[in-house]
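To start, the structure under review is shown below, and the notes come after it.
Note: hydrogens, waters and symmetry copies are ignored here, and every other heavy atom, side chains too, is used. Counting starts at 1 for both ligands and their atoms, in listed order.
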Amino acid sequence: MSYLVKIGDEEEEFEWYLDFVKKDYKPKDDELIAIFRITPADGISIEDAVGRVASESSVGTWTTLYTLPPRIRNLMAKGYEIISLNDGSYLAKVAYPLDLFEEGNIPQLMSSIAGNIFGMKAIKGLRLEDIYLPEHYVKHFKGPIKGIKGVRDSLKIYDRPILATVPKPKVGMDITEYSEAAYEILSGGIDLLKDDENLSSQNFIKFRDRLNSVMKVIDKVEKETGEKKGYLINVTAETNEMAKRIKLVADSGNQFIMIDFVIIGWAAVQTVRNLAEEYSLAIHAHRAFHAAFTRNSSHGLSMFVLAKLARLIGVDHIHVGTPGVGKLEAKTVDVINLCNLLRENVYKPKDNDIFHLEQPWYGLKPVFPTSSGGLHPGTLPIVLETLGKDLIIQVGGGVMGHPDGPRAGGKAVRQAIDAAIKGIKLEKYAEDHKELQRALEKWGFIKPI
Ligand code: CAP
Ligand code: MG
């Protein structure tokens, strides 16, 4: 339906929505580009659906307007390159003039390209698959504080993945129990102790007490083993409280903090990142809650987008899933893509990958992918082989469930990694490494569910 719209002193015919679609559009170098997977509602053409997405995520609304000054018309997003996926859904790119976005403000970016559009009746399914960030947009962010090299320098570990363990049960332990578990885990050879995502400062284990107690354990283990250790302490809380906890961590001498970055939200991630920089702390980004909207392949947004924005803002580690093994849903190709996105200076999609765009990082530091979830010593060669050694591997139950206790669990994990790096089959290496042998007896090579 076309309408007359005043543009300046003129009146022009406007084919609303379709005026936001230019199928053969060539985006300008400084435009931000989103790739959406779109499933139109019954009776809605894909062109109309793309136009509605481009309109609602830029300057439009449901109807033509009485007037649209030329300057604002120049802010219209443009939908283009529409590809059918032959299942009722399509991939479409939308190019956005950068003036639509406030420099350095991720919440505002997401309000635009990941806001109202998910609820439009004319669209049955909408998934934000990727965002190309032009240099002019990227340069307003500082990226990771330490990055992979900085974290390795903190721990003096260069030739293998970095190992972390969450003391299990997830929550409930008191200070004494938690500290004892920490001592056993770290003495067994694990590098980083990690709080679970739902541990914060419950009555049975207050934050400050836990921090002080674990730091005493770390001091003791470092002296006994000669190895550097760290504590991924979860500071997730209300923002002012997080600021206080970050200061406590800095004062304790620990070099790490952990946040549930999807739960606390983009604004808080940006605040935490700037606070952490003041104290030169590395940020471990746990992704709890992501699966509420990343898991559905036709609606929501991809983990790829979450990881890209997390690197842009500046976390140092981020969970990416497990390759084929593990307990949580993840496609190996997606996990590998995430690792490449986080570690490469320029992310280049594989030839047949139409869901992602090339992304130069313009010097932002690389981020440690973290593989975790249902891992045990028998799964580690696969993880290392598939994801490479610039990786953090978290093994929680696979250490705390070792038949001879957490210290043996930590040793079994280190032995499995040593075997994998030396190219020795685990069962061979286990012949003279009893902790590994006992882990294989319990869990074997069976992939956890
Ligand atoms: C793993 C974990 C992590 C998950 C998060 C858990 O414990 O601590 O939170 O890995 O998933 O609570 O399940 P286990 P993801 O080592 O005992 O499985 O890494 O995919 O974000
Ligand atoms: Mg957990």
Side-chain angles (χ1 to χ4, degrees), residues 161-173 178 181-182 184-185 188 190-200 202 205 231-236 256 258-264 269 283-295 301-307 310 315-339 341-342 367-380 382-383 386-387 391-402 405-406 409-410 412-413 416-417 439 442-443 446-449:
I162 289 169
L163 304 170
T165 288
V166 172
K168 304 282 180 177
K170 295 178 88 100
V171 293
M173 284 188 262
Y178 203 80
E184 290 302 301
I185 291 164
I190 299 295
D191 308 304
L192 295 171
L193 191 85
K194 177 186 171 294
D195 280 348
D196 232 322
E197 65 279 356
N198 55 339
L199 184 66
S200 58
Q202 286 91 326
I205 191 161
Y231 180 22
L232 305 180
I233 184 165
N234 190 4
V235 299
T236 298
F256 301 90
M258 165 184 162
I259 51 173
D260 296 337
F261 86 101
V262 187
I263 295 271
I264 65 173
V269 175
I283 301 172
H284 183 90
H286 192 289
R287 62 176 182 168
F289 183 36
H290 79 92
F293 41 82
T294 59
R295 191 171 182 182
L301 60 80
S302 66
M303 180 64 214
F304 198 85
V305 165
L306 294 182
V315 303
D316 297 278
H317 325 155
I318 183 168
H319 286 238
V320 295
T322 52
V325 294
K327 71 185 181 188
L328 298 164
E329 190 269 341
K331 293 190 190 74
T332 299
V333 63
D334 292 345
V335 179
I336 294 170
N337 275 344
L338 285 169
C339 289
L341 173 70
L342 293 169
V367 171
F368 256 123
T370 299
S371 189
S372 170
L375 297 179
H376 58 76
T379 60
L380 300 187
I382 302 164
V383 172
T386 313
L387 304 183
L391 188 67
I392 292 177
I393 300 176
Q394 194 288 133
V395 184
V399 165
M400 300 302 289
H402 190 285
V413 166
I417 292 293
K442 178 168 182 179
W443 295 301
I446 301 157
K447 296 171 188 168
I449 46 169

Would you say ligand 1 has an N or O under 3.5 Å from any N or O of [X]?
X: L375; answer: no
X: E197; answer: yes
X: V166; answer: no

Query raised in the report: Would you call K170 and E197 a salt bridge, taking side-chain N to carboxylate O under 4.0 Å as the test?
Result: yes
Could you tell me the residue and atom name of the protein heavy atom closest to [atom], and the distance to it rounded to 0.1 Å?
atom: atom 18 (O) of ligand 1; answer: G374 N, 2.7 Å
atom: atom 2 (C) of ligand 1; answer: K168 NZ, 3.7 Å
atom: atom 4 (C) of ligand 1; answer: S372 OG, 3.7 Å
atom: atom 13 (O) of ligand 1; answer: K327 NZ, 2.6 Å
atom: atom 19 (O) of ligand 1; answer: H319 ND1, 2.7 Å
atom: atom 11 (O) of ligand 1; answer: L328 CD1, 3.0 Å

**Report entry** Protein N, O or S within less than 2.8 Å of the Mg ion (ligand 2), waters excluded
**Finding:** D196 OD1, E197 OE1
Report task. Give the minimum heavy-atom separation between Y178 and K194, together with the two atoms involved. Result -> OH-O, 3.9 Å
For [X], what residues pass the side chain to side chain contact (heavy atoms under 4.5 Å, CB included) criterion, not counting sequence neighbours?
X: V171; result: N198, L199, Q202, F204
X: S371; result: T322, P323, L375, V383, L387, L391
X: A182; result: L193, V217

Query raised in the report: Can you tell if the side chain of T165 reaches within under 4.5 Å of the side chain of V413, non-hydrogen atoms only?
Result: no
Query - Side-chain heavy atoms of L192 within contact of Y231, under 4.5 Å - result: no
Report task. Could you grab the distance from atom CG of D316 to atom CZ of F256, nearest 0.5 Å is fine? Result -> 8.5 Å
**Report entry** Approximate separation, where rounding is to 0.5 Å, of H290 NE2 and I263 CD1
**Finding:** 10.5 Å
Requested in this report: Under the side chain to side chain contact (heavy atoms under 4.5 Å, CB included) rule, what do D334 and M303 come out as? Steps first, then yes or no, please.
Outcome: CA-CA 9 Å; D334 292 345; M303 180 64 214; over 6 Å; no
Report summary line: Judged by heavy atoms only, the candidate from P167, G397, A164, G398 nearest atom 17 (O) of ligand 1 is G397
Which of the atoms in ligand 1, numbered in the order shown and given with their element, are less than 4.0 Å from a heavy-atom of [X]?
X: R287; value: 15 (P), 20 (O), 21 (O)
X: H286; value: 3 (C), 5 (C), 9 (O)
X: K170; value: 6 (C), 12 (O), 13 (O)

Query raised in the report: Would you find a donor on one side and an acceptor on the other, under 3.5 Å apart, between the side chain of D195 and the backbone of I233?
Result: no
Query raised in the report: H286 vs H319 aromatic rings, parallel, tilted or perpendicular, using cut-offs 30° and 60°?
Result: tilted
